[in-house]
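To start, the structure under review is shown below, and the notes come after it.
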Amino acid sequence: MILALDPLFLDDIGLSIVLIALLKVGLAFVIVLVSVMFMVWFERKVVSDMQHRIGPNIAGPWGLFQTLADGLKLLMKEDLVPDRSHRFVFKLAPFLAIVPAFLTFSIIPIGGNFESKDGAIDLWGHDTFLQVADPPVGILLFLAMSSIAVYGVMLAGWSSGSKYPLLGSVRASAQMVSYEAALALSIAAIVLQTGSLSTHDMVVDQATGGFGGFIPNWNLITTGFIPFVIFLIAGTAELNRPPFDLVEAEQELVGGFHTEYSSFRFALFFLAEYLNTITMSAIIVTVFLGGPSGPVLIEQIDWVWGIVWFLTKLFVFLFSFVWFRATLPRFRYDQLMDLGWKILIPLSLGWFLFLGALDIGNDRGWDSGIVVAVTVVVGTAAGGLLMAAVRTARSERLSQEVDSHG
Amino acid sequence: MADPLDYIRGFAVTFKKLFEERLTLEYRGGNAKPGKPDEKREKAVRLHGRHVLNRYEDGMEKCIGCELCAGVCPAKCIYVRGADNDPADPTSPGERFGYVYQINYLRCIHCDLCVEACPTQAITESKLFEFSFTNRSDAIYTKNELLVDDDGRPQQMPWEDWRDGEDEHTSGWMRATSPSGDHRYEGVVAWSGELGHGVRSPEAGQSDSEDESPSDMATAEVEQ
């Protein structure tokens, strides 16, 4: 079994190759931590700009070191473990939140020359990808890690031995589990399109081709926008970010699942939250917007351009997540579940089947017009049936409630 | 069903805010490093800030040590002890004066009931609002800190960052439109002059002067 498709490991593995791999791991770690610092500052700054405020501006130039100051303050706080908590699980939970967040970042290609060298760059005579690992399971690692992150949240709330964290974690796990389905189904559409699970292959697939010479061959366009929109919404919900931040709805749940956490353990949750935001944006960029692919403008420094394109695209989504937060009010819990189960999951499943039908039709040489027409008819019928079922169930429930309340 | 376009409009609203004026002022309480802004918003005329103890124009203290302010205080933050004036060298024009006067600003809720209760307008609230003391004993302002100085201006505490004009009009609340909430007194000066300021003219009234003439106070001087 091949653990990594990186050209770095194709030759004999010597000391220099091990060192390069270690350097990549170390660099990724540092980049992630620094970018979290930047992200927290950026979010606070943009949100305050959108609310006629100034935001952090004292610590460092433009308040850039505010997160550092907050982090130092958190480290010096007393580390409380509640008396009624389950001690081992209580201490384990923050790590279950932070480790998956770090691991997910390892599959994201953050640079590379996708124009002429198939995503590789030259590091001291060795060709290598600018990503920590390129496992064949690729994007499945992301889904697996976001599933594990649910445990962090769930166990944190459960082990706190307090009611608000418990309620918050029940909400969180229900929300994350249900939106994961929509997330996975919209990724399935991309896997269908690419024919590979590897994130690197996805970027390579999007880097070539294109329409009319200037519209890129991004999955965003080739899968017809719907999976992208679903992924963006489900991703926001998966991150527990506004408008889906019911998990830590202060008005109802105090602090949510991390109410009882303080000091460094709280910092880990906080770090994981923002890390996940960055990783989710990076996954969206990789999967839908061609990741670091883009024109290489100056051949001599070809490695720069991948990083530039990647960061530019990443920035758009980081800004969007902050923008969502500044604009949208929080969902009600039943609205959240309705949106997830009754709209996003059926829609992403239907769209996945539609793309599959188109694909098979192309293989068999069917008339694509007929394929589309049949799909639309079947889709409308299925959607109608679903809505009818939902409506019937609701009216039955309402009549039962009326009966029971006299 | 809401118009789906409303969601887009919502996003447009927040995006537009990025380029609008910031409402936050960069107040640093006089501790700004050189080159950094240190702005302070103009305070409302009737802001309930910290108290001052006023004196008459001849320098006598207005406080007569009656303890009405202490009695009315809902937060029990005022402590007053009266004492008899020395006939040879009186502190206040009456029989007694405020011998001890303390306000605990960890308790004060700035409701201004003491100001309303005071029969001699001895205690008024200024627009000064900075209470950045760092220990409990500093939070208790005694007569030394509360009493106006020889010019009729309040004493500056070390943690107070005064800007031009903030130490003036420290009896602003007493010059409100209608003292004690009685509209018949609108435009009527119903208090004695203070040290450094004398008798100040009343604030402009809110009602029309024709139909609300101060007929009951015909002998009072109306400055308006």
Side-chain angles (χ1 to χ4, degrees), chain A residues 41-66 69 225-226 229-230 232-233 236-237 241-245 315-332 335-336 338-339 342-344 347 387 390-391 394, chain B residues 1-45 47-49 106 127-136 138-139 157-164 166:
Chain A
W41 170 83
F42 177 72
E43 165 145 33
R44 292 177 64 174
K45 214 62 178 168
V46 171
V47 164
S48 50
D49 279 351
M50 287 179 173
Q51 297 171 344
H52 287 169
R53 295 187 289 117
I54 292 175
N57 67 342
I58 302 289
W62 306 289
L64 259 172
F65 299 143
Q66 184 64 43
F225 291 102
I226 300 286
V229 173
I230 292 171
L232 191 62
I233 297 174
T236 317
R241 277 188 65 85
F244 304 105
D245 60 337
F315 184 80
V316 171
F317 284 96
L318 293 179
F319 181 81
S320 305
F321 278 127
V322 179
W323 199 5
F324 290 166
R325 175 179 162 182
T327 308
L328 298 170
R330 189 181 295 135
F331 272 62
R332 219 168 52 209
Q335 292 172 332
L336 174 91
D338 277 0
L339 179 68
K342 295 175 188 167
I343 297 175
L344 290 187
L347 187 62
M387 275 163 72
V390 166
R391 205 171 296 139
R394 180 182 292 149
Chain B
M1 190 69 190
D3 183 0
L5 271 180
D6 283 348
Y7 292 102
I8 311 292
R9 288 193 197 106
F11 280 104
V13 166
T14 41
F15 193 77
K16 254 184 278 172
K17 300 284 170 203
L18 281 176
F19 309 103
E20 287 178 10
E21 194 195 350
R22 305 284 176 271
L23 299 181
T24 316
L25 289 187
E26 297 206 41
Y27 168 69
R28 284 180 169 86
N31 299 320
K33 288 177 187 144
K36 296 279 183 182
D38 189 3
E39 304 153 305
K40 198 169 181 181
R41 202 181 296 280
E42 185 76 17
K43 290 288 169 294
V45 178
L47 182 108
H48 293 189
L106 288 171
K127 288 188 276 183
L128 305 169
F129 64 95
E130 285 141 327
F131 295 106
S132 338
F133 33 74
T134 49
N135 66 59
R136 279 159 196 270
D138 282 350
M157 303 299 286
W159 44 83
E160 280 177 351
D161 172 37
W162 286 5
R163 303 297 158 86
D164 285 344
E166 279 193 330

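Order of the sequence lines sets the chain letters (A, B, ...), proteins ahead of strands, with each chain counted from 1.
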B/Phe19 versus chain A, the contacting section by heavy-atom distance below 4.5 Å: neither
From B/Thr14 atom OG1 to A/Asp49 atom CG, the distance as rounded to the nearest 0.5 Å: 12.0 Å
Student check: side-chain heavy atoms of A/Gln51 and B/Lys17 closer than 4.5 Å: no
B/Leu18 side chain reached by A/Met50 side chain, heavy atoms, under 4.5 Å: yes
Heavy atoms from other residues, nucleotides or ligands near [atom1] of [X] exceed 12 (cutoff 6.0 Å):
| X | atom1 | value |
| --- | --- | --- |
| B/Asn135 | CG | yes |
| A/Trp62 | CH2 | no |
| B/Glu42 | CD | no |
| B/Arg9 | CZ | yes |

Heavy-atom pair of closest approach, residues A/His52 and B/Glu21: CD2-O, 3.7 Å
Geometric class of the B/Phe11/A/Phe324 ring pair [parallel <30°, tilted 30-60°, perpendicular >60°]: perpendicular
